[in-house]
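Residue numbering restarts at 1 for every chain, and letters A, B, ... go by the order of the sequence lines.
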2 protein chains.
Amino acid sequence: MLDEAISKRKRTRIQTVNREAILQAALSVFSAYGYRGATLDEIAEKAGMSKPNLLYYFPRKKSLYVAVLEETLAQWLAPLAAMKADGDPADELSRYIDAKIAMSRDNPAASRLFASEILQGGGAITEFLHGPLKAIVDEKSRIIADWIAAGRLRPVDPRHLIFMIWATTQHYADFDVQVRAVLASDDEGRFKHASETIRRVVLEGLLPR
Amino acid sequence: MLDEAISKRKRTRIQTVNREAILQAALSVFSAYGYRGATLDEIAEKAGMSKPNLLYYFPRKKSLYVAVLEETLAQWLAPLAAMKADGDPADELSRYIDAKIAMSRDNPAASRLFASEILQGGGAITEFLHGPLKAIVDEKSRIIADWIAAGRLRPVDPRHLIFMIWATTQHYADFDVQVRAVLASDDEGRFKHASETIRRVVLEGLLPR
DNA sequence: GTGAGATTTGACCATTTAGTCAAGTTTTCT
DNA sequence: AGAAAACTTGACTAAATGGTCAAATCTCAC
């Protein structure tokens with residue numbers, strides 16, 4: 001009755017509030033334990049309501065998971081979508097790296113949720129991976145290839161360059177515990193240093209001399 | 001009676017065989033679902049024995065998990081430990097990148113297990129992270145800093161450089177599903193291209209000109 | 001203010017899961 | 001061969017978990 005039905009019809013005030021609370025709680029629990037390891041009891045408690053009430057809004061564990069995931073994916077794509085062909089390669093790459101590092105800093109749970117889903121096989125987002133994600137990577141790879149052809153960037157496989165940026169930036173969200181353990185006591189500047197290091201290595205490595 | 005006791009006493013032939021089968025099955029299941037999401041039933045089945053028999057060898061889920069993790073951690077540290085101060089920076093970094101990419105190619109489950117544990121908070125390996133791991137990173141960071149001081153490498157924060165190499169190389173194991181989705185149909189050369197791209201960017205970015 | 005519809009939850013159920021146990025079977029050592 | 005030790009498992013338990021349901025409470029347009 002709800003879920004699908006509700007998402008079409010306009011939402012009541014209470015629905016808006018509760019859905020938001022649930023999605024937020026679900027993000028934190030799913031990202032911490034993965035789909036299988038997460039429990040509805042824990043999510044319900046974090047959202048401040050009973051489990052049956054949670055199930056009133058999302059009638060299946062899976063539908064809740066998918067809802068959280070969908071919210072995350074859009075967010076995830078946005079910065080890459082912003083990369084413009086007519087910009088300066090150095091500026092565009094720099095901006096992209098910064099945007100991704102900012103995401104790791106400001107919304108690590110989203111990054112971890114995505115990582116967890118991929119780690120566990122990505123079964124819930126196969127369509128996304130082979131559809132929108134592949135499409136945008138193809139598009140941006142063409143832009144990078146053009147920069148290279150125009151001599152504005154040194155030769156590099158565009159797709160693997162994109163992987164490099166994903167990997168290095170997301171590392172600071174996904175592997176936060178490890179990063180903190182290795183760095184001097186809870187280095188507050190770690191995101192700034194990360195961004196600087198990544199930008200320096202990537203740009204010095206790829207800008208023409 | 002077993003577990004701790006057995007690990008001291010010398011192992012029988014059957015113990016050797018079964019422990020190995022269990023550890024391998026456990027690696028595959030834990031790495032796929034995380035600690036909470038993994039079930040002993042599934043591990044036992046994959047190892048080809050009954051659950052009580054599995055529990056004969058590892059009396060707790062946790063002790064099995066820790067055992068698998070320990071095997072993995074040693075493997076994980078080895079390549080970094082091999083980085084020598086008196087080598088050529090280009091060679092040493094190159095070798096390290098290759099070794100890590102080889103690990104991602106040949107033992108992705110180990111990489112994923114580690115990733116999964118860190119993602120889930122790293123509670124089972126806090127000691128490892130703050131002990132041996134931090135120690136070796138400190139040691140190798142000093143080597144890198146010396147290279148920089150000697151003008152053999154351009155200035156970069158050594159620790160973040162190490163993070164970059166970890167992130168980029170492990171990406172090909174941990175995010176394999178995503179990598180495959182984005183690359184042309186199951187690109188068989190992806191590990192070679194990855195290694196080339198990472199080496200090129202890192203070395204061009206950091207070697208003095 | 002009131003009633004139709006929206007929201008909430010206690011009690012419950014079936015299944016899954018980590019872990020136990022006693023009774024068996026197999027291996028090993030002499 | 002024969003006994004001790006090692007190994008194996010069917011049957012079980014208690015707790016956790018996803019999900020149901022009917023009865024109660026709350027909200028809001030009229």
Side-chain angles (χ1 to χ4, degrees), chain A residues 1-23 25-30 32-69 120 123-124, chain B residues 1-23 25-30 32-69 120 123-124:
Chain A
M1 197 238 268
L2 267 273
D3 196 34
E4 189 56 30
I6 255 183
S7 65
K8 297 293 175 190
R9 218 179 302 147
K10 68 171 176 262
R11 296 198 182 122
T12 68
R13 181 182 53 82
I14 294 176
Q15 272 166 43
T16 312
V17 170
N18 281 351
R19 270 186 66 99
E20 198 42 53
I22 293 170
L23 287 172
L27 173 61
S28 108
V29 176
F30 280 128
Y33 299 114
Y35 177 70
R36 274 215 212 183
T39 75
L40 293 183
D41 285 292
E42 193 171 339
I43 296 172
E45 195 192 5
K46 263 202 172 134
M49 71 187 63
S50 66
K51 183 168 58 170
N53 201 17
L54 184 161
L55 285 161
Y56 172 71
Y57 291 95
F58 297 91
R60 310 260 142 217
K61 186 186 186 185
K62 195 93 193 194
S63 64
L64 173 55
Y65 184 62
V66 169
V68 185
L69 218 35
Q120 314 208 350
Chain B
M1 197 236 266
L2 267 272
D3 197 35
E4 189 56 31
I6 254 183
S7 64
K8 297 292 177 193
R9 218 179 302 148
K10 68 170 175 263
R11 295 196 182 123
T12 68
R13 181 183 52 82
I14 293 177
Q15 273 167 43
T16 314
V17 171
N18 281 350
R19 270 184 66 99
E20 197 43 52
I22 292 170
L23 287 172
L27 173 60
S28 110
V29 176
F30 280 129
Y33 301 114
Y35 176 71
R36 275 217 211 181
T39 74
L40 293 183
D41 286 291
E42 193 171 339
I43 296 172
E45 195 192 6
K46 264 206 171 132
M49 69 187 63
S50 66
K51 184 169 57 171
N53 201 17
L54 183 160
L55 285 161
Y56 173 71
Y57 291 96
F58 297 90
R60 308 260 143 218
K61 187 186 186 184
K62 196 94 194 192
S63 65
L64 173 54
Y65 184 63
V66 169
V68 185
L69 218 36
Q120 314 206 351

With a cut-off of less than 4.0 Å, is there a side-chain N or O of [X] near OP1 or OP2 of [N]?
X: B:Asn18; N: D:dT8; value: yes
X: B:Asn53; N: D:dT9; value: yes
X: A:Arg11; N: C:dA6; value: no
X: A:Thr12; N: D:dC28; value: no
X: A:Gln15; N: C:dA6; value: no
X: B:Tyr56; N: D:dT8; value: no
X: B:Arg13; N: C:dT28; value: yes

Between [atom2] of [N] and [atom1] of [X], the distance in whole Å:
X: B:Met49; N: D:dA6; atom1: CE; atom2: C1'; result: 14 Å
X: B:Glu42; N: C:dT15; atom1: CD; atom2: P; result: 20 Å
X: A:Ile14; N: C:dG5; atom1: CD1; atom2: C1'; result: 12 Å
X: A:Glu45; N: C:dT8; atom1: CD; atom2: P; result: 17 Å

Give the ring-plane orientation class for B:Tyr35 versus B:Phe30, where under 30° counts as parallel, over 60° as perpendicular and anything between as tilted.
->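 B:Tyr35 and B:Phe30: parallel rings.
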Please list, for nucleotides 17-19 of chain C, all pairs of protein and nucleotide N/O atoms separated by less than 3.5 Å.
from   : atom 1 : to      : atom 2 : distance (Å)
C:dA18 : OP1    : B:Ala38 : O      : 3.2
C:dA18 : OP1    : B:Lys61 : NZ     : 3.2
C:dA18 : OP2    : B:Leu40 : N      : 2.8
C:dA18 : N7     : B:Lys51 : NZ     : 2.7
C:dG19 : OP1    : B:Arg60 : NH1    : 3.4
C:dG19 : OP2    : B:Lys61 : N      : 2.7

Crowded around B:Glu42 CD? As in, over 12 foreign heavy atoms under 6.0 Å?
->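 Count over threshold, so yes.
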State, to 0.1 Å, how close A:Thr39 and A:Val29 come at their nearest heavy-atom pair, and which atoms those are.
-> N-CG1, 4.2 Å
